*Asks:* 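Dropping the structure in here first, questions after.
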Amino acid sequence: MKEKRAKWGAIFCVPFVVTFLVFQLYPLLYSFYLSLTFQESAKTYTFVGLRNYIDLINDKVFWQSVVNTWKIWLMCFIPQLIVALLLAVLFTQYKIRGAKIFRAIFYLPNLITAASIGVLFLALFDWKTGSANNVLVSIGFISEKINWMSKPAFAQSITAFIQWFMWFGYSSILLTSGIAAIPMDVIEAAVVDGANSWNRLTKITLPLLKPTILYVLVTSLIGGMQIFDIPMTLTKGTGEPQKSLMTMVLYLYNMAFKNNDLPYGATISYGIFIIIMIFSGIFFKVIYGKKEDQ
């Protein structure tokens with residue numbers, strides 16, 4: 001019976017293993033091979049070792065794309081975490097009527113594709129016919145229409161706001177689940193000892209939320225470093241104004257598919273992978289620190 005169950009277990013694992021090998025492991029290894037080559041023609045690649053990685057280190061446009069990506073992500077993630085944590089605390093520690101309905105409403109933007117929201121905001125902030133300019137002019141807040149997407153600071157802020165708008169509801173649900181998982185005995189003991197709301201938040205809730213916050217941080221970092229849809233939609237792939245919306249993945253796309261330089265595009269993808277791995281490790285270390293001796 002054990003041998004029969006093991007046999008069927010192996011059979012059911014076959015589809016996953018085949019899918020993983022064909023659609024994940026093979027592309028991963030092949031892209032690494034491409035990053036070590038130079039494309040002489042459509043189907044001819046010459047091995048050049050680490051030359052592409054050396055070129056990447058000296059690529060000013062790539063480093064500008066790194067700075068742009070980090071700026072947009074930080075402008076998105078910091079308010080996202082603050083608002084999500086605030087909502088999570090309100091929905092758990094304070095019995096707000098209709099909390100489930102609010103959570104559903106806040107999560108709705110996450111169900112819409114990023115490209116669709118990008119098109120929506122592109123129409124809203126169009127400097128000739130956009131609703132943002134029309135409303136601000138009509139109430140007298142500005143005297144003439146502003147070309148929002150011609151100014152790097154505005155363009156990056158709009159992109160960060162779209163990211164925040166899409167993901168703060170998802171983060172609030174995760175943090176709400178983390179707070180709900182905290183044992184009530186701990187909370188009740190703190191209340192009996194005279195802890196007020198602020199003490200419960202800083203001394204109990206936040207320390208016990210470390211795993212959830214780390215998960216939100218790392219997944220947000222991974223997603224933020226790969227932001228592509230919105231800058232692509234807002235700028236049609238140009239990354240303008242002044243390359244302020246040229247993110248790392250948008251630069252990868254342009255090099256690999258617009259300039260037809262697949263080896264350099266593969267090199268950029270591994271550069272992004274290394275950046276994500278390094279900072280994920282740093283964040284993990286900062287949040288948890290050294291393990292205490294048991």
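The structure displayed is predicted, hence computed values, not measured ones.
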*Asks:* Would you find a donor on one side and an acceptor on the other, under 3.5 Å apart, between the side chain of Lys145 and the backbone of Lys128?
*Replies:* yes
*Asks:* If you measure only the distance, is there a donor-acceptor pair under 3.5 Å linking the side chains of Asn259 and Tyr264?
*Replies:* no
*Asks:* Output the distance between atom CE (Met149) and atom OG (Ser244), rounded to the nearest 0.5 Å.
*Replies:* 7.0 Å
*Asks:* Between the main-chain N or O of Gln39 and the side-chain N or O of Asp261, is there a donor-acceptor pair closer than 3.5 Å?
*Replies:* no
*Asks:* Specify the closest pair of heavy atoms between Ile57 and Trp63, including all atoms of both residues, with the distance to one decimal.
*Replies:* O-NE1, 2.7 Å
*Asks:* Using a 6.0 Å cut-off, check whether atom CD of Glu144 has over 12 heavy atoms from anything other than its own residue.
*Replies:* no
*Asks:* Starting from Met75, walk the hydrophobic network (Ile, Leu, Val, Met, Phe, Trp, Tyr; side-chain heavy atoms closer than 4.5 Å) and list everyone else you reach, by chain and number.
*Replies:* none
*Asks:* Using atom types as modelled and distance alone, determine if a side-chain donor or acceptor of Thr69 lies under 3.5 Å from a backbone N or O of Met248.
*Replies:* yes
*Asks:* Are the side chain of Lys243 and the backbone of Thr238 linked by a donor-acceptor contact shorter than 3.5 Å?
*Replies:* yes
*Asks:* Just say parallel, tilted or perpendicular for the rings of Phe102 and Phe91, cut-offs at 30° and 60°.
*Replies:* parallel
*Asks:* Looking only at non-hydrogen atoms, find the nearest pair between Arg51 and Phe38 and report the distance.
*Replies:* NH2-CD1, 3.2 Å
*Asks:* So, do Tyr170 and Val216 sit near enough that their side-chain heavy atoms are less than 4.5 Å apart?
*Replies:* no
*Asks:* Test Leu36 against Phe47 for side chain to side chain contact (heavy atoms under 4.5 Å, CB included), laying out the working first.
*Replies:* CA-CA 6 Å; Leu36 302 176; Phe47 183 80; 3.7 Å; yes
*Asks:* When hydrophobic residues are tied together by side-chain contacts of less than 4.5 Å, even through go-betweens, does Ile105 share a cluster with Val89?
*Replies:* no
*Asks:* Give a yes or no on whether the backbone of Thr129 and the side-chain of Asn133 come within a donor-acceptor separation of less than 3.5 Å.
*Replies:* no
*Asks:* Please lay out, stage by stage, how Ser172 and Tyr107 fare under the test side chain to side chain contact (heavy atoms under 4.5 Å, CB included).
*Replies:* CA-CA 9 Å; Ser172 68; Tyr107 184 74; over 6 Å; no
*Asks:* Hey, are the side chains of Thr205 and Ile179 touching, using non-hydrogen atoms and a 4.5 Å cut-off?
*Replies:* yes
*Asks:* Hey, could you give me the CG/CG distance between Leu50 and Asp55, rounded to the nearest 0.5 Å?
*Replies:* 11.0 Å
*Asks:* Within a 6.0 Å radius of atom NZ on Lys100, are there more than 12 heavy atoms belonging to other residues, nucleotides or ligands?
*Replies:* no
*Asks:* Show the nearest heavy-atom pair for residues Pro231 and Leu250, with the distance to one decimal.
*Replies:* CB-CD2, 4.1 Å
*Asks:* According to the interplanar angle, ranging from 0 to 90°, do the rings of Trp164 and Phe168 count as parallel (below 30°), tilted (30 to 60°) or perpendicular (above 60°)?
*Replies:* parallel
*Asks:* Got a second to check how far Leu85's CG is from Thr176's OG1, nearest 0.5 Å?
*Replies:* 9.0 Å
*Asks:* What is the ring orientation for Phe154 with Trp148, classed by angle as parallel under 30°, tilted 30 to 60°, or perpendicular over 60°?
*Replies:* perpendicular
*Asks:* Ignoring hydrogens, what is the shortest heavy-atom contact between Ala266 and Ser31? Give both atom names and the distance.
*Replies:* CB-O, 3.2 Å
*Asks:* Taking it one step at a time, do Leu28 and Tyr270 satisfy side chain to side chain contact (heavy atoms under 4.5 Å, CB included)?
*Replies:* CA-CA 10 Å; Leu28 189 69; Tyr270 271 91; 3.6 Å; yes
*Asks:* Hey, quick one: are Val286 and Tyr215 part of the same hydrophobic cluster, counting side-chain heavy atoms closer than 4.5 Å, chains of contacts allowed?
*Replies:* yes
*Asks:* What heavy-atom pair brings Leu56 and Thr267 nearest, and what distance separates the two atoms?
*Replies:* CD2-O, 3.7 Å
*Asks:* Could you give the distance from SG (Cys76) to CD (Gln156), rounded to the nearest 0.5 Å?
*Replies:* 13.0 Å
*Asks:* Evaluate the side-chain proximity of Trp73 to Ile227: yes if any heavy-atom separation is below 4.5 Å, no if none is.
*Replies:* no
*Asks:* Is it true that atom OH of Tyr53 has more than 12 heavy atoms of other residues, nucleotides or ligands lying nearer than 6.0 Å?
*Replies:* yes
*Asks:* Pro109 and Ile117: which non-hydrogen atoms are nearest, and at how many Å?
*Replies:* O-CD1, 3.7 Å
*Asks:* Using side-chain heavy atoms (C-beta onward) and a distance below 4.5 Å, is Asn254 in contact with Met246?
*Replies:* yes
*Asks:* Are Phe257 and Tyr30 linked, directly or through other ILVMFWY residues, by side chains that come within less than 4.5 angstrom of each other?
*Replies:* yes
*Asks:* Could you tell me if the side chain of Ile213 sits less than 4.5 Å from the side chain of Leu175, heavy atoms only?
*Replies:* yes
*Asks:* Is a side-chain N or O of Asn110 found less than 3.5 angstrom from the main chain of Trp167, in a donor-acceptor match?
*Replies:* no
*Asks:* Once you round to the nearest 0.5 Å, how far does CZ of Phe165 lie from CD1 of Ile230?
*Replies:* 10.5 Å
*Asks:* When you measure from the side chain of Asp229 to the backbone N and O of Ala115, does any donor-acceptor pair fall under 3.5 Å?
*Replies:* no
*Asks:* Hey, are the side chains of Phe284 and Leu217 touching, using non-hydrogen atoms and a 4.5 Å cut-off?
*Replies:* no
*Asks:* Should Met277 and Leu29 be counted in the same cluster of Ile, Leu, Val, Met, Phe, Trp and Tyr side chains packed under 4.5 Å apart?
*Replies:* no
*Asks:* Taking atom CD1 of Ile101 as the centre, report whether more than 12 heavy atoms of other residues, nucleotides or ligands fall under 6.0 Å from it.
*Replies:* no
*Asks:* Out of curiosity, Phe273 CZ to Gln226 CD, how far, rounded to the nearest 0.5 Å?
*Replies:* 11.0 Å
*Asks:* State whether the side chain of Asn52 and the backbone N or O of Thr37 hold a donor-acceptor pair below 3.5 Å, judged by distance alone.
*Replies:* yes
*Asks:* Side chain to side chain contact (heavy atoms under 4.5 Å, CB included), that's the test. Do Leu221 and Trp70 meet it? Break it down for me.
*Replies:* CA-CA 9 Å; Leu221 173 68; Trp70 273 95; 3.8 Å; yes
*Asks:* Would you say Ile274 and Ile276 are hydrophobically clustered, going by side-chain heavy atoms of ILVMFWY under 4.5 Å?
*Replies:* yes
